[in-house]
Engineer: 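Could you have a look at this structure, given as structure tokens, before my questions?
Everything numeric here is computed off the predicted structure, so don't read it as measured data.
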Amino acid sequence: MVDESTLESVLGPELDAMLGEDGQQEEKQELISEDELLGEEAGEASEDDAEPGEEGEEGEEAAAPAVEAPHSWSKEDKAIFAALPAEAQAVIQRRETERDNFVKQKAFEASNTRTQVANEARDIIVKMHEDHAQKLNAYAQMLLPQPPDERLLYSGNQDDVIIYQRQMAAYQRSTDQQQQLHQQIAQAQAAAQSAREQSQQAERASDAQRLQEQLPEWFDPSSGPKLREQLRSIGAELGYSSELMAEASSADIIALKKAAEWKADAEKYRALMAKKMETVRAAKDLPKMARPGVKPSKQQANAARSQQAWDRLKANPKDADAAAAFLGL
């Protein structure tokens, strides 16, 4: 087994949690890393290797292209921009980017505000039509036509006949009013349904616009189908049916996109940890090295003698001294 410094160079901070403080202190006293045995030569070699890389980075920075002028600028302005120092160009480009992002954000907020106001207005219109239909229906219930009393025709009294005729005329008028009221109720209900459908269509269009602004790759002919299939798979894992996925809003799709990113990050983390654990298991099989100038402990000396005796015994099974030493006799 190698010492702590070797494991630290391989594993990093995971070693502390695996060995514990006591184990680390004991290893520091008894073991030495291969890097320490190599001495300063390894450090000098790494410095020599690093110098060409640093020079290469400086050369890359020197050869880096100049910052491009904003696309909306005229040719004359772009010529003046090209004559500016690189630092000034970078500042202008950064400020232009911030301005563009600010304008886009405010335009998006204004669009959302307009959509919200329009939806609220449509909801008010729907409620007005529904309230009107309810009031007409209540009025119609109050004006239910009452049929005339036919017994008045057989009373033998001429006045009763006149009363019957008056009742019949009132009944006919009420019936006509009922028909008109029912027509108006039907019209109000149809207007409310139409306004409701228009509101839903406008909301779907607004939702599609928000999705276009926040996730344009959803509508891309090349990457869109793959992205939709990926999010459908994520939705199925989360328990969403195909019917719910078909009715998903822009907020739902953005949330599924974020869940897919989290899942990808988690899979990368698990793969990284699995690779690190393979390094841990491989490090356990490295040979233990004694620190120069430090007397081995009794346990280490016994283990070394047993190993030597075992090596001799494997080389010559008939070596009685080796067998005795291995058995501790």
Side-chain angles (χ1 to χ4, degrees), residues 104-216 218-219 228 231-232 235 238-258:
K104 290 179 181 179
Q105 178 64 26
K106 293 305 177 182
F108 179 71
E109 293 176 359
S111 176
N112 286 343
T113 301
R114 288 195 299 270
T115 301
Q116 183 179 359
V117 172
N119 290 338
E120 291 177 356
R122 294 187 186 95
D123 292 340
I124 292 174
I125 294 173
V126 170
K127 191 175 186 307
M128 289 175 58
H129 287 300
E130 291 177 345
D131 292 344
H132 184 55
Q134 292 177 358
K135 291 179 180 179
L136 289 175
N137 188 49
Y139 183 61
Q141 295 296 327
M142 294 172 58
L143 298 179
L144 289 176
Q146 299 294 330
D149 188 1
E150 295 182 356
R151 292 174 300 177
L152 296 174
L153 296 175
Y154 307 103
S155 64
N157 188 342
Q158 188 64 29
D159 294 336
D160 291 341
V161 175
I162 296 173
I163 294 173
Y164 175 81
Q165 292 175 350
R166 291 175 179 173
Q167 290 180 353
M168 176 59 72
Y171 175 74
Q172 291 177 350
R173 288 194 301 271
S174 298
T175 302
D176 293 340
Q177 290 177 351
Q178 283 288 319
Q179 291 177 354
Q180 294 176 0
L181 287 173
H182 283 298
Q183 290 177 358
Q184 293 177 6
I185 291 171
Q187 292 174 357
Q189 291 176 344
Q193 180 63 26
S194 176
R196 189 180 297 107
E197 292 176 354
Q198 291 178 3
S199 178
Q200 292 174 353
Q201 292 176 359
E203 177 60 27
R204 285 194 292 269
S206 175
D207 192 68
Q209 181 180 0
R210 287 194 296 269
L211 186 60
Q212 176 70 39
E213 294 173 350
Q214 299 181 16
L215 192 65
W218 180 265
F219 301 93
R228 288 191 287 271
L231 298 191
R232 274 195 292 267
L238 296 176
Y240 289 92
S241 63
S242 57
E243 292 78 8
L244 290 177
M245 289 297 299
E247 299 176 356
S249 64
S250 61
D252 297 331
I253 294 173
I254 296 298
L256 289 174
K257 178 69 163 50
K258 180 60 68 174

Engineer: Just verifying a value: how many Å separate Glu120 CD and Gln116 CD, rounded to the nearest 0.5 Å?
Structural biologist: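 Separation between the atoms: 5.0 Å.
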Engineer: Nearest 0.5 Å please: distance from the NE2 atom of His132 over to the CD atom of Gln189.
Structural biologist: 11.0 Å
Engineer: Would you give the length of the straight line joining atom CG of Asn137 to atom CE of Met142, rounded to the nearest 0.5 angstrom?
Structural biologist: 12.0 Å
Engineer: Quick one: does any side-chain atom of Asp131 pair with a main-chain N or O of Met128 as donor and acceptor, under 3.5 Å?
Structural biologist: no
Engineer: Strictly distance-based, threshold 3.5 Å: is any side-chain N or O of Ser174 a donor or acceptor partner for the main-chain N or O of Ala170?
Structural biologist: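 Side chain of Ser174 to backbone of Ala170, a donor-acceptor pair under 3.5 Å: yes, one is there.
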Engineer: Does any donor atom in the side chain of Gln183 or Gln179 lie under 3.5 Å from an acceptor atom in the other side chain?
Structural biologist: no
Engineer: Which atom pair, heavy atoms only, marks the closest approach of Met245 to Arg232?
Structural biologist: CE-CA, 3.9 Å
Engineer: For residues 146-161, which side-chain donor-acceptor pairs fall under 3.5 Å, sequence neighbours excluded?
Structural biologist:
from   : atom 1 : to     : atom 2 : distance (Å)
Asp149 : OD1    : Arg151 : N      : 3.2
Asp149 : OD1    : Arg151 : NE     : 3.1
Asp149 : OD2    : Arg151 : NE     : 3.4
Asp149 : OD2    : Arg151 : NH2    : 3.1
Ser155 : OG     : Leu152 : O      : 3.2
Ser155 : OG     : Asn157 : N      : 3.3
Ser155 : OG     : Asp160 : OD2    : 2.5
Asn157 : OD1    : Asp159 : N      : 3.0

Engineer: Mark yes or no for whether Ser199, through its side chain, and Ala195, through its backbone, hold a donor-acceptor pair below 3.5 Å.
Structural biologist: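 No, the answer is negative, given that no donor and acceptor are paired below the 3.5 Å cut-off.
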Engineer: More than 12 non-hydrogen atoms from neighbouring residues, nucleotides or ligands closer than 6.0 Å to OH on Tyr139, yes or no?
Structural biologist: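 Not buried by this count: 12 neighbours or fewer within 6.0 Å.
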Engineer: Assess the residue pair Glu197 and Gln193 against the criterion (side-chain hydrogen bond (donor to acceptor under 3.5 Å, both in side chains)); give the C-alpha distance rounded to whole Å, side-chain angles, the decisive distance to 0.1 Å, and a yes or no.
Structural biologist: CA-CA 6 Å; Glu197 292 176 354; Gln193 180 63 26; 3.2 Å; yes
Engineer: Should the pair Arg173-Asp176 be classified as a salt bridge under the 4.0 Å nitrogen-to-oxygen rule?
Structural biologist: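 Here Arg173 does not pair with Asp176 in a salt bridge, since their nearest N and O are not under 4.0 Å apart.
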Engineer: Nearest 0.5 Å, what's the OG-CD distance between Ser250 and Gln209?
Structural biologist: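 Rounded to the nearest 0.5 Å, the OG-CD separation comes out at 10.5 Å.
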Engineer: Do Gln178 and Pro145 have side chains that get closer than 4.5 Å, going by heavy atoms?
Structural biologist: yes
Engineer: Would you compute the distance between atom CD1 of Ile185 and atom NE2 of His182 and round it to the nearest 0.5 angstrom?
Structural biologist: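 It is 6.0 Å, given to the nearest 0.5 Å.
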Engineer: Just checking Arg228: does its CZ atom have more than 12 heavy atoms from other residues, nucleotides or ligands closer to it than 6.0 angstrom?
Structural biologist: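 Buried by this count: over 12 neighbours within 6.0 Å.
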Engineer: Passes salt bridge (charged side-chain N to carboxylate O under 4.0 Å, His left out), Arg204 versus Asp207? Steps please.
Structural biologist: CA-CA 5 Å; Arg204 285 194 292 269; Asp207 192 68; over 6 Å; no
Engineer: Please determine if Glu109 and Lys106 form a salt bridge, counting it only when a charged side-chain N lies under 4.0 Å from a carboxylate O.
Structural biologist: yes
Engineer: If you take all heavy atoms of Ala188 and His129, which pair is closest and at what distance?
Structural biologist: O-CB, 3.6 Å
Engineer: Return the minimal non-hydrogen interatomic distance between Ala202 and Asn119, and the atom names on each side.
Structural biologist: CB-OD1, 4.3 Å
Engineer: Supply the atom-to-atom distance Tyr240 OH to Glu247 CD, rounded to the nearest 0.5 angstrom.
Structural biologist: 13.0 Å
Engineer: Of all heavy-atom pairs between Leu181 and Ala140, which one has the smallest distance, and what is that distance?
Structural biologist: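 Closest pair (atom of Leu181, atom of Ala140, distance): CD1-CA, 3.6 Å.
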